[in-house]
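Positions are given from 1 along the sequence. Note that the structure is predicted; figures quoted are calculated from it, not measured.
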Amino acid sequence: MAARRRLDDLADRAARWAEASGPGAGPVEAVTPLTGGTQNVLLRIDRGGRSYVLRGRRGEPAAAARGTVREASVLRALAPTPVPCPAVHAVVHDAEVLGLPFYVADHVDGFNPTTERPDAYTEPAVAHAAGLAVVEAVAALGAVDPVAVGLADLGRPDGFLERQVTRWREQLASYGAVAGYAGATPADLADVTGWLEATVPAGWTAGVMHGDLHLANVLLDRQRPAVAALIDWELATVGDPLVDLGTLLATWPAPDGPPSILPGDLVASGTLPSPAELVAHYGRHSDRDLAAVPWYAVLACFRLGVLLEGSLARAAAGTGSPAVGDALHRSATALFARARHLLPTTPGASP
């Protein structure tokens, strides 16, 4: 009840802000809470016959403000590119307005394939084409020149791939300092991390990457097989865009491996393209070298699994939901199993 009251209060304050300073014209017709993560608040604002989404960020005020401005800056930089993403109308990093920093973007009329399956997508050909459209959007993002769109300072591309395994292994090790944490340890994953460190791809080209690109962060058009928008850009950076392709593969349903960690009738339908089809289609829309794609998929399994294990650690520390921690731990365990499944059968083999 307390959480609901806080959300209702946010909606009331958002309505007052929108009337005074928000996009559009005329009275605000409705402010509706949408599903959001533990770190974010999402509100739909209807005004003047148009709809907008307010995305607010919880957390330490200064860090939340930096993250909000950063995410909105990425979306604004991508606006003139072919990458499907919502247009930003306002950024408010003063937490006094709502109690947290936020930005407001267009509401995209699409559906999330992990929670819905419109009638059009019961046709296998439509679902298959939609899966190919997703990988086309990933390739379009990977083709963006960060310098040309003003995002050269977004990340640290030098040594990006080389420091990935160390970074995520250290984060996993940090969970062990939490009393009561009973999840994975670096020693449990030494086979995965050892292979990744021994076979780091060389000669890659830096680009803009989403950082968390899987079907749960995609909105599809309801009527035709097209991507309406890529969403949730809080992990965007300048690095190796093939990490995004790897993340898509790490979470994609595969007929010959562990099941996807993502829910949804469409995901489980068997009508989406195979991982091999995704890679081949990406290659038709990108000039990047795809020889090391298995390495990126294994890295993505490890990286995403470590991120999800953080929920179990927060639950053990008393700062997160035990139910959420247990559920995401199961997903992390599945990702670590998929990483091992993707390892080459010949020890020491390159991707």
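In this structure the side chain of Leu172 reaches within 4.5 angstrom of the side chain of Leu189, judged on heavy atoms. Looking at heavy atoms from C-beta onward, Val208 lies out of side-chain contact with Val83 at the 4.5 angstrom threshold. At least one side-chain heavy atom of Val243 sits less than 4.5 Å from a side-chain heavy atom of Leu161. Residues Phe336 and Val192 form no side-chain contact, since every pair of their non-hydrogen atoms from C-beta on lies 4.5 Å or further apart. Residues Cys301 and Leu342 have side chains in contact (heavy-atom distance under 4.5 Å, counting atoms from C-beta outward). The side-chain heavy atoms of Val104 and Trp17, taken from C-beta on, include a pair separated by under 4.5 Å. Between Val91 and Arg76 the shortest side-chain heavy-atom distance falls below 4.5 Å. At least one side-chain heavy atom of Leu272 sits less than 4.5 Å from a side-chain heavy atom of Pro253.
A salt bridge does not link Asp158 to Arg156: none of the charged nitrogens lies less than 4.0 Å from a carboxylate oxygen.
Between the CZ atom of Arg50 and the CZ atom of Arg47 there is a distance of 11.5 Å, given to the nearest 0.5 Å. Atom CG of Leu230 and atom CG of Leu219 lie 8.5 Å apart (nearest 0.5 Å). Here the CG atom belonging to Leu308 is positioned 10.5 Å from the CZ atom belonging to Arg303, to the nearest 0.5 angstrom. The line from OG1 of Thr81 to CG of Asp145 is 11.5 Å long, rounded to the nearest 0.5 Å. Distance check: Asn112 CG to Leu215 CG gives 8.0 Å after rounding to the nearest 0.5 Å. Residue Phe302 holds its CZ atom at 8.0 Å from CG of Leu299, rounded to the nearest 0.5 Å.
Of the possible donor and acceptor atoms, one in the side chain of Thr251 sits under 3.5 Å from a partner among the backbone N and O of Thr247. A donor-acceptor contact shorter than 3.5 Å is absent between the side chain of Trp168 and the backbone of Leu304. When atom types are taken as modelled, the side chain of Thr122 and the backbone of Asp119 share a donor-acceptor pair closer than 3.5 angstrom. In this structure, Arg222 contributes its side chain and Asp109 its backbone to no donor-acceptor pair below 3.5 Å. For the pair Glu60 (side chain) and Ala62 (backbone), a donor-acceptor distance under 3.5 Å is present. With hydrogens and angles ignored, the 3.5 Å screen pairs a side-chain donor or acceptor of Tyr121 with a backbone N or O of Arg224. Without hydrogens or angle criteria, Ser286 side chain to Gly283 main chain gives no donor-acceptor distance under 3.5 Å. Side chain of Glu19 to backbone of Val28: a donor-acceptor contact under 3.5 angstrom is found. The closest donor-acceptor contact from the side chain of Gln171 to the backbone of Arg167 lies at 3.5 Å or more, if one exists at all.
Note: the hydrophobic cluster containing Ile231 does not contain Leu151 (ILVMFWY, side chain heavy atoms under 4.5 Å, direct or indirect links). Transitive grouping of hydrophobic side chains (ILVMFWY, heavy atoms separated by less than 4.5 Å) keeps Leu132 and Phe111 in distinct clusters. Val108 and Leu43 fall into different hydrophobic clusters, where Ile, Leu, Val, Met, Phe, Trp and Tyr are joined by side-chain heavy atoms under 4.5 Å apart, directly or via other members.
Listed here is the closest heavy atom pair of His128 and Pro273: O-CG, 3.2 Å. Shortest non-hydrogen contact noted between Ala206 and Pro157 is CB-CB, 3.7 Å. Considering all non-hydrogen atoms of both residues, Gly56 and Leu100 come closest at C-CD1, 3.8 Å. Closest of all the heavy-atom pairs between Leu220 and Ala130 is CD1-CB, 4.2 Å. Contact record, Arg57 with Ala64: CD-O, 3.4 Å, taken as the closest heavy-atom pair. Among all heavy-atom pairs drawn from Ser260 and Trp252, the shortest one is CB-C, 4.0 Å.
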Val88 vs Asp106, side-chain contact (heavy atoms from CB on, under 4.5 Å): CA-CA, chis, key distance, verdict: CA-CA 7 Å; Val88 173; Asp106 280 338; over 6 Å; no
query: Hey, mind stepping through Asp221 and Val227 against side-chain contact (heavy atoms from CB on, under 4.5 Å) and telling me if it holds?
result: CA-CA 6 Å; Asp221 187 282; Val227 175; over 6 Å; no
- prompt: Stepwise, does the salt bridge (charged side-chain N to carboxylate O under 4.0 Å, His left out) test hold for Arg66 with Glu71?
  reply: CA-CA 9 Å; Arg66 287 194 300 272; Glu71 186 172 350; over 6 Å; no
task: Please test Leu213 against Leu141 for side-chain contact (heavy atoms from CB on, under 4.5 Å), starting from the C-alpha separation and ending with a verdict.
output: CA-CA 11 Å; Leu213 222 167; Leu141 176 60; 4.3 Å; yes
task: May I have the step-by-step check of side-chain contact (heavy atoms from CB on, under 4.5 Å) for Asp191 and Arg340, ending in yes or no?
output: CA-CA 8 Å; Asp191 53 343; Arg340 292 192 175 92; 3.0 Å; yes
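The side-chain hydrogen bond (donor to acceptor under 3.5 Å, both in side chains) pairs that include a residue from residues 228-241 are Asn40-Glu234, Arg55-Asp232, Arg55-Glu234, Asp240-Tyr296, where partners are two or more places apart or lie in different chains. Listed by first and then second residue, the side-chain hydrogen bond (donor to acceptor under 3.5 Å, both in side chains) pairs that reach into residues 261-275 are Ser269-Thr271, Ser274-Glu277, sequence neighbours excluded.
Relative orientation of the Tyr52 and His89 rings is perpendicular, given thresholds of 30° and 60° on the angle between their planes.
Checked by atom type, the side-chain pair Ser311/Arg314 shows a donor-acceptor distance below 3.5 Å. For His341 and Arg338, the side-chain atoms include no donor-acceptor pair closer than 3.5 Å. Looking only at atom types and distance, the side chain of Tyr175 has no donor-acceptor partner in the side chain of Glu309 under 3.5 Å away. Checked by atom type, the side-chain pair Thr185/Asp188 shows a donor-acceptor distance below 3.5 Å. If you check the side chains of Asp212 and His210, you find no donor sitting under 3.5 Å from an acceptor.
Within a 6.0 Å sphere centred on CD of Glu197, heavy atoms belonging to other residues, nucleotides or ligands number more than 12. The local environment of NE2 in His93 is sparse, with at most 12 non-hydrogen atoms from other residues, nucleotides or ligands closer than 6.0 Å.
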